[in-house]
Amino acid sequence: MKFLSATALLVCAAPLSVAAQSLPFFGSSQSPIQTKEIKYVEGNNPLQYCQEDTAGDILQIGSVDLTPNPPLPGKTLTIEAKGVLRERIEKGAKVLLVVKYGLITLIRQTADLCDQLVNVDMKCPLEKGDMILTKKVDLPKQIPPGKYSVHADVLTEDGKTITCLEGVNIEFKAGF
């Protein structure tokens, strides 16, 4: 699961929320369905932001490119990410990570961001300014085929959003 944690930390999304529509059995009035726009992360990746408005996020992601996309079991995944940190990130920052296989939750953990950064060859504190990251990850052949989703909410020690991302319908196929 190092790949999933690393990917979430690199670019450091709540599911798309849809307001319920009220449909009266009789009558002519209907409430319109209200949806949020999905805001995708720039680049060749399956990532989207948790919320439409990311202007307040500490990490402003420029792009994330995965090669190959989608990732393949038993192959090397190259992750290239660019962004700008608007504030210095100190010890105490946390990653709330949820990884699901279909409807089954495989991982639900809170991890210290600084402890996890070693997986992507970085360390705390992360200084304010431009960030560029390139990381190669050897994926195990034993990844079960199916659809996965990843939700990573990255917060400072005092709860400010660094970033919040989701990877949905990440599909690993059998036979590679």
Side-chain angles (χ1 to χ4, degrees), residues 1-16 36-72 75-100 106-140 143 148-172:
M1 290 300 143
K2 189 183 285 187
F3 151 70
L4 297 172
S5 296
T7 302
L9 294 172
L10 291 177
V11 293
C12 317
L16 174 68
K36 286 187 176 181
E37 281 289 317
I38 296 174
K39 184 175 178 184
Y40 293 96
V41 175
E42 292 290 323
N44 186 23
N45 66 71
L47 301 173
Q48 62 191 47
Y49 295 97
C50 298
Q51 65 279 342
E52 290 177 68
D53 184 8
T54 59
D57 290 1
I58 294 171
L59 177 60
Q60 297 295 301
I61 300 169
S63 65
V64 176
D65 291 306
L66 303 182
T67 307
N69 181 28
L72 300 171
K75 303 292 182 188
T76 299
L77 173 67
T78 301
I79 304 164
E80 296 174 305
K82 296 177 184 175
V84 176
L85 272 176
R86 298 180 341 167
E87 295 177 20
R88 180 179 167 145
I89 305 299
E90 303 278 350
K91 273 204 143 314
K94 295 187 180 0
V95 179
L96 311 172
L97 181 67
V98 178
V99 179
K100 291 185 176 186
L106 298 175
I107 297 173
R108 181 181 304 271
Q109 72 179 26
T110 299
D112 183 280
L113 175 65
C114 294
D115 291 345
Q116 299 300 311
L117 285 175
V118 296
N119 295 324
V120 293
D121 305 323
M122 299 175 92
K123 63 181 182 176
C124 278
L126 293 174
E127 297 298 333
K128 178 179 176 179
D130 292 341
M131 295 187 70
I132 297 174
L133 176 103
T134 300
K135 179 70 178 173
K136 292 183 184 277
V137 180
D138 292 324
L139 300 179
I143 298 173
Y148 292 79
S149 64
V150 179
H151 174 93
D153 199 0
V154 187
L155 306 167
T156 63
E157 186 174 28
D158 61 353
K160 290 178 14 184
T161 298
I162 296 171
T163 193
C164 185
L165 298 173
E166 277 196 336
V168 293
N169 292 324
I170 301 167
E171 187 169 3
F172 285 96

Min side-chain heavy-atom separation Pro70-Phe172 under 4.5 Å: no
- prompt: For the side chain of Asn45 and the backbone of Val64, is there at least one donor-acceptor N/O pair under 3.5 Å apart?
  reply: yes
query: Can any side-chain N or O of Arg86 pair as donor or acceptor with the backbone N or O of Leu59 at less than 3.5 Å?
result: no
query: Between Pro125 and Glu90, what is the shortest heavy-atom contact and its length?
result: CB-OE1, 4.2 Å
message: Does this structure show an ion pair linking Asp121 with Lys135, if we count only N-O contacts that are shorter than 4.0 Å?
response: yes
task: Look up atom CD in Glu80 and atom CG in Asp65, then write down how far apart they are to the nearest 0.5 Å.
output: 6.0 Å
query: Atom CD1 in Ile143, atom NZ in Lys75: separation rounded to 0.5 Å?
result: 12.5 Å
- line: So CG of Leu47 and CG of Leu66: to nearest 0.5 Å the spacing works out to 6.5 Å
- prompt: Taking it one step at a time, do Glu127 and Leu85 satisfy side-chain contact (heavy atoms from CB on, under 4.5 Å)?
  reply: CA-CA 7 Å; Glu127 297 298 333; Leu85 272 176; over 6 Å; no
Check: Val95 main-chain N/O paired with Gln109 side-chain donor or acceptor under 3.5 Å: no
query: Salt bridge between Glu157 and Lys91, side-chain N to carboxylate O under 4.0 Å?
result: no
Asn169 side chain reached by Tyr148 side chain, heavy atoms, under 4.5 Å: no
message: Just so I know, are the side chains of Cys114 and Leu126 near enough to count as touching, which here means a heavy-atom distance under 4.5 Å?
response: no
field: Within-4.5 Å side-chain heavy-atom neighbours: Tyr49 and Ile38
entry: no
field: Validation row: Lys123, Leu117 side chains within 4.5 angstrom (heavy atoms)
entry: no
message: If only side-chain N and O atoms count, and only distance matters, is there a donor-acceptor pair under 3.5 Å linking Asn44 with Asn69?
response: yes
query: Does the side chain of Ile89 come within less than 4.5 Å of Leu113's, by heavy atoms?
result: yes
- prompt: Is there a side-chain contact between Thr161 and Val154, using heavy atoms and a 4.5 Å cut-off?
  reply: no
message: Can you confirm whether more than 12 heavy atoms, excluding those of Lys39, are under 6.0 Å from its NZ atom?
response: yes
Least distance between heavy atoms, Ile170 atom then Val150 atom: CD1-CG2, 4.3 Å
field: Minimum heavy-atom distance Leu77-Pro68, with the two atoms named
entry: CD1-O, 3.5 Å
message: Go through it in stages, so that I can follow the logic: the residues are Ile79 and Val137, the test is side-chain contact (heavy atoms from CB on, under 4.5 Å), and I'd like the CA-CA distance, side-chain angles, deciding distance and then a yes or no.
response: CA-CA 8 Å; Ile79 304 164; Val137 180; 4.1 Å; yes
field: Atom pair CG/CG of Leu139 and Leu72 - distance to nearest 0.5 Å
entry: 8.0 Å
- prompt: How long is the span from the OG1 atom in Thr134 to the NZ atom in Lys82, to the nearest 0.5 Å?
  reply: 8.5 Å
- prompt: Between Asp138 and Thr76, do the side chains contain an N or O donor and an N or O acceptor separated by less than 3.5 Å?
  reply: yes
message: Looking at every non-hydrogen atom in both residues, tell me the closest pair between Glu42 and Gly62 and how far apart they are.
response: CB-O, 3.2 Å
query: Is there a donor-acceptor pair under 3.5 Å between the side chain of Asp112 and the backbone N or O of Asp115?
result: yes
task: State the CD-CD distance between Gln51 and Glu166, to the nearest 0.5 angstrom.
output: 10.0 Å
- line: Heavy atoms of Asp57 and Cys164 approach each other most closely as OD2-N, 4.4 Å
- line: Between Leu133 and Val120, the two heavy atoms sitting closest are CD1-O, 3.4 Å
- prompt: Glu87 versus Lys128: any side-chain heavy-atom pair under 4.5 Å?
  reply: no
